[in-house]
Structures are given as structure tokens and as C-alpha cells.
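Excluded from the calculations below are hydrogen atoms, water molecules and symmetry mates; all remaining heavy atoms, backbone and side chain alike, are included. Note that the structure is predicted; figures quoted are calculated from it, not measured.
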Protein chains: 2
Amino acid sequence: MAALDEVDEFRSSQELHDYLRHKGENVGLSTVYRTLTALAAADEVDVIVREDGESIYRRCSGTHHHHLVCRSCGRTVEVEGPAVERWADAVARENGFTEVNHTLELFGVCTACSSAG
Amino acid sequence: MAALDEVDEFRSSQELHDYLRHKGENVGLSTVYRTLTALAAADEVDVIVREDGESIYRRCSGTHHHHLVCRSCGRTVEVEGPAVERWADAVARENGFTEVNHTLELFGVCTACSSAG
DNA sequence: GTTGATATTGACAGTCATTGTCATTAGATC
DNA sequence: GATCTAATGACAATGACTGTCAATATCAAC
């Protein structure tokens with residue numbers, strides 16, 4: 001199953017399910033959800049929640065990073081921002097918050113899509 | 001309607017609807033959704049998408065800012081990070097992305113809740 | 001005050017991502 | 001092959017959100 005994260009772009013559960021079905025795999029939607037949730041819990045894939053509330057998944061490098069995602073085609077660039085991490089920690093500490101994590105994602109339109117559309 | 005954003009914490013549409021009904025207002029769920037969406041479009045309220053995909057709304061200051069939200073009680077601190085904005089713009093430009101916006105929220109546990117729990 | 005055009009409202013049904021259920025299936029062990 | 005157990009997949013259920021549409025409010029013109 002992990003071998004099927006060959007897409008290298010963020011995909012929703014349903015898209016992955018369709019993809020698998022069209023490849024001939026007879027796999028159930030429930031199993032896709034179960035597997036993705038399990039993989040996400042084990043930090044084997046990254047999850048982000050899109051603006052419309054749908055969760056999308058992608059195979060990623062193990063290090064902490066964020067994403068620059070094309071709204072149109074899903075192409076994804078992994079980006080790092082050590083300054084942001086430090087800023088987030090500092091802000092949390094100043095306000096007495098603990099167990100802080102942060103969500104930071106960039107959504108835009110990539111070169112290919114902006115020239116096409 | 002805008003006067004009912006007196007709660008000062010992030011609330012979902014449904015929570016706001018319940019709140020209004022319990023106050024005796026005979027307001028429909030559709031109207032709550034419509035109004036919140038309109039207010040959000042007019043930048044009168046801030047929207048963030050929680051990790052479970054539910055959208056929550058809050059009356060906020062007009063300037064661009066982000067939020068440090070207590071996972072337990074919902075208490076919210078508005079925070080600013082000009083450095084983050086600059087970083088996001090730079091990253092987007094370097095990768096040729098346009099129409100970029102970013103989601104950045106910090107979730108943690110505030111002092112009161114961490115000492116209580 | 002009444003009429004009529006127009007916009008807003010709210011009850012309700014529909015949509016869609018996600019989760020729960022449960023009988024069936026696959027795989028291991030005897 | 002029999003049996004036990006865990007994983008699977010078809011399908012129903014949930015819940016947030018959106019669409020529909022008749023009823024109501026608003027308001028200008030008469």
C-alpha cells in the first residue's frame with residue numbers, strides 16, 4: 001500500500017481510491033481511508049487539510065517541513081523555514097502556551113498552471 | 001448579526017446557531033451559514049479550518065494576523081509575524097507561484113487549561 | 001393604506017467526505 | 001481440511017455544509 005504513494009503529489013482519499021480502481025486494483029474505499037489514517041499516524045505520509053476541509057495526503061521526506069501547493073494541479077514543493085519555527089516557539093512561550101504545534105501551508109498557482117489558465 | 005459575534009472565541013456555524021436559538025432568536029441554520037460566509041468574504045470575521053475540517057469563525061481586528069488558539073478552551077491570542085509574511089512571499093516568488101495565500105495557525109494549551117488539566 | 005416588485009429568510013432535502021458496521025475473505029496454525 | 005483471527009470491502013450512517021423554494025419582510029409607487 002505504501003508503494004502506491006508513487007504519485008508525488010497531494011491526493012485526497014477519494015482520488016487515490018479512483019486511481020487504484022482504474023489501475024485494476026479491487027480495493028475498498030474504507031481500506032484506503034484506514035490505510036491512509038494509519039500511515040499518517042505513523043508519520044509515513046503527510047496530511048494537510050485543504051481550505052474546503054478535505055484532507056489530502058502525500059509521501060514526504062521525514063524531516064519537519066511545510067508545503068507550497070498548487071491549487072490547480074496539486075504540484076507540491078517542500079519548503080523549510082527555520083525562522084518560522086523559532087518564531088512560533090517564541091510566540092507560544094511568551095503567551096504561556098504549551099504543547100504547541102503549528103499548521104503552515106502555502107497555496108498558490110504554479111508557473112505551468114498560471115500560463116495555461 | 002454582526003452584533004452577535006460577541007463571543008470573542010472561535011465558534012463553528014452550528015455552535016453559533018445553537019447559541020442564537022437558546023437566546024430565543026428564531027434564526028435558521030442556512031442564514032447563519034450565509035451570514036458567516038458573507039462576513040468572512042467581507043473580511044469582517046476571520047475563518048480558520050480546524051484539523052477535523054470544521055470551519056470556525058471569530059470577530060477579529062482588521063489587520064492581517066494569525067492566531068494562537070487553546071485546543072481545550074478555545075481562548076485565542078492574535079499574533080503578528082511580519083517576518084513570516086516576508087518569508088512566505090519570498091518562498092512563493094522563488095518557486096514561481098502566484099496568487100499565494102498562506103494558512104498559519106498555532107494550536108496549544110493555555111496556562112489556565114494546562115494547570116487545570 | 002394598498003399594491004406589487006424585490007430581497008431575505010428558514011425549513012428541509014440533497015451532497016459529499018468521512019466513519020461505522022458487519023458479513024466475507026485471506027492467512028496462519030493445527 | 002478445519003478453525004481461529006485479522007484484514008477487507010460493500011454498504012449504511014453521520015455530520016458539516018449547500019441548494020431549493022415557498023413564505024415573509026422591505027420598500028417604493030400609487
Side-chain angles (χ1 to χ4, degrees), chain A residues 1-7 9-60 67 69-74 76 101 103 105 107, chain B residues 1-7 9-60 67 69 71-72 74 76 101 103 105 107:
Chain A
M1 189 62 185
L4 294 163
D5 292 44
E6 60 200 14
V7 190
E9 281 164 10
F10 274 100
R11 286 285 178 258
S12 70
S13 302
Q14 319 245 357
E15 285 168 345
L16 266 180
H17 180 240
D18 287 350
Y19 175 72
L20 291 172
R21 293 299 275 250
H22 281 117
K23 275 186 56 173
E25 303 263 352
N26 186 27
V27 67
L29 187 54
S30 308
T31 306
V32 176
Y33 273 103
R34 269 193 292 254
T35 310
L36 284 175
T37 304
L39 288 175
D43 281 327
E44 305 246 347
V45 298
D46 274 13
V47 198
I48 66 184
V49 178
R50 236 172 21 195
E51 292 158 345
D52 66 357
E54 188 168 356
S55 296
I56 52 181
Y57 301 84
R58 178 172 181 265
R59 187 135 195 78
C60 277
H67 303 101
V69 186
C70 175
R71 256 192 299 267
S72 175
C73 70
T76 301
N101 57 19
T103 66
E105 310 297 341
F107 293 93
Chain B
M1 188 61 183
L4 294 163
D5 292 44
E6 60 199 15
V7 191
E9 279 164 12
F10 274 99
R11 287 282 178 261
S12 70
S13 301
Q14 319 244 357
E15 285 168 345
L16 266 180
H17 180 239
D18 287 350
Y19 175 72
L20 291 171
R21 293 300 274 250
H22 282 117
K23 275 187 56 171
E25 302 265 352
N26 188 28
V27 67
L29 186 54
S30 309
T31 305
V32 176
Y33 274 104
R34 269 193 293 255
T35 309
L36 285 175
T37 304
L39 288 175
D43 281 328
E44 305 247 346
V45 298
D46 274 13
V47 199
I48 65 183
V49 178
R50 238 172 18 196
E51 291 158 354
D52 65 356
E54 188 169 356
S55 296
I56 52 181
Y57 301 83
R58 178 171 180 265
R59 188 134 194 78
C60 277
H67 302 102
V69 186
R71 256 192 300 267
S72 175
T76 301
N101 57 20
T103 66
E105 309 299 339
F107 294 93

If you take atom types as modelled and just measure distance, does the side chain of [X] reach the base of [N] with a donor-acceptor pair under 3.5 Å?
| X | N | result |
| --- | --- | --- |
| S55(B) | dC17(D) | no |
| S30(B) | dC17(D) | no |
| R34(B) | dG10(C) | yes |

Within this structure, what is the [atom1]-to-[atom2] distance between [X] and [N], rounded to whole angstrom?
| X | N | atom1 | atom2 | value |
| --- | --- | --- | --- | --- |
| N26(B) | dA23(D) | CG | P | 17 Å |
| I56(B) | dA16(D) | CD1 | P | 13 Å |
| E15(A) | dC16(C) | CD | P | 14 Å |
| L36(A) | dA7(D) | CG | P | 16 Å |
| R50(A) | dC16(C) | CZ | P | 14 Å |
| H17(A) | dC11(D) | NE2 | P | 12 Å |
| L29(A) | dC11(D) | CG | C1' | 11 Å |
| D52(A) | dT15(C) | CG | C1' | 13 Å |

Is there side-chain contact between R71(B) and N101(A), with at least one heavy-atom pair below 4.5 Å?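 Contact flag for R71(B)/N101(A) side chains = yes.
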Are side-chain heavy atoms of F107(A) and E51(A) found at a separation under 4.5 Å?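 Yes - at least one pair of side-chain heavy atoms lies under 4.5 Å apart.
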Just by distance, do the side chain of H17(A) and the backbone of V27(A) share a donor-acceptor pair under 3.5 Å? yes
Report yes or no: does E105(A) contribute a side-chain atom to a donor-acceptor pair with the main-chain N or O of T103(B) at less than 3.5 Å? no
Counting side-chain heavy atoms from CB outward, which of [options] is closest to [X]?
| X | options | value |
| --- | --- | --- |
| E54(B) | dA11(C), dT18(C), dA16(D) | dA16(D) |
| Y33(B) | dA10(D), dA16(D), dA17(C) | dA16(D) |
| T31(A) | dG9(D), dA16(D), dT18(C) | dG9(D) |

Rounded to the nearest 0.5 Å, what separation is found between the CG atom of D46(B) and the OG1 atom of T76(B)? 10.0 Å
Between G28(A) and G53(B), name the one whose nearest nucleotide on DNA chain D is closer to the 5' end.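 Comparing both residues, the 5'-ward one is G28(A).
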What's R21(B) touching, base or sugar-phosphate or nothing? Going by heavy atoms closer than 4.0 Å. sugar-phosphate
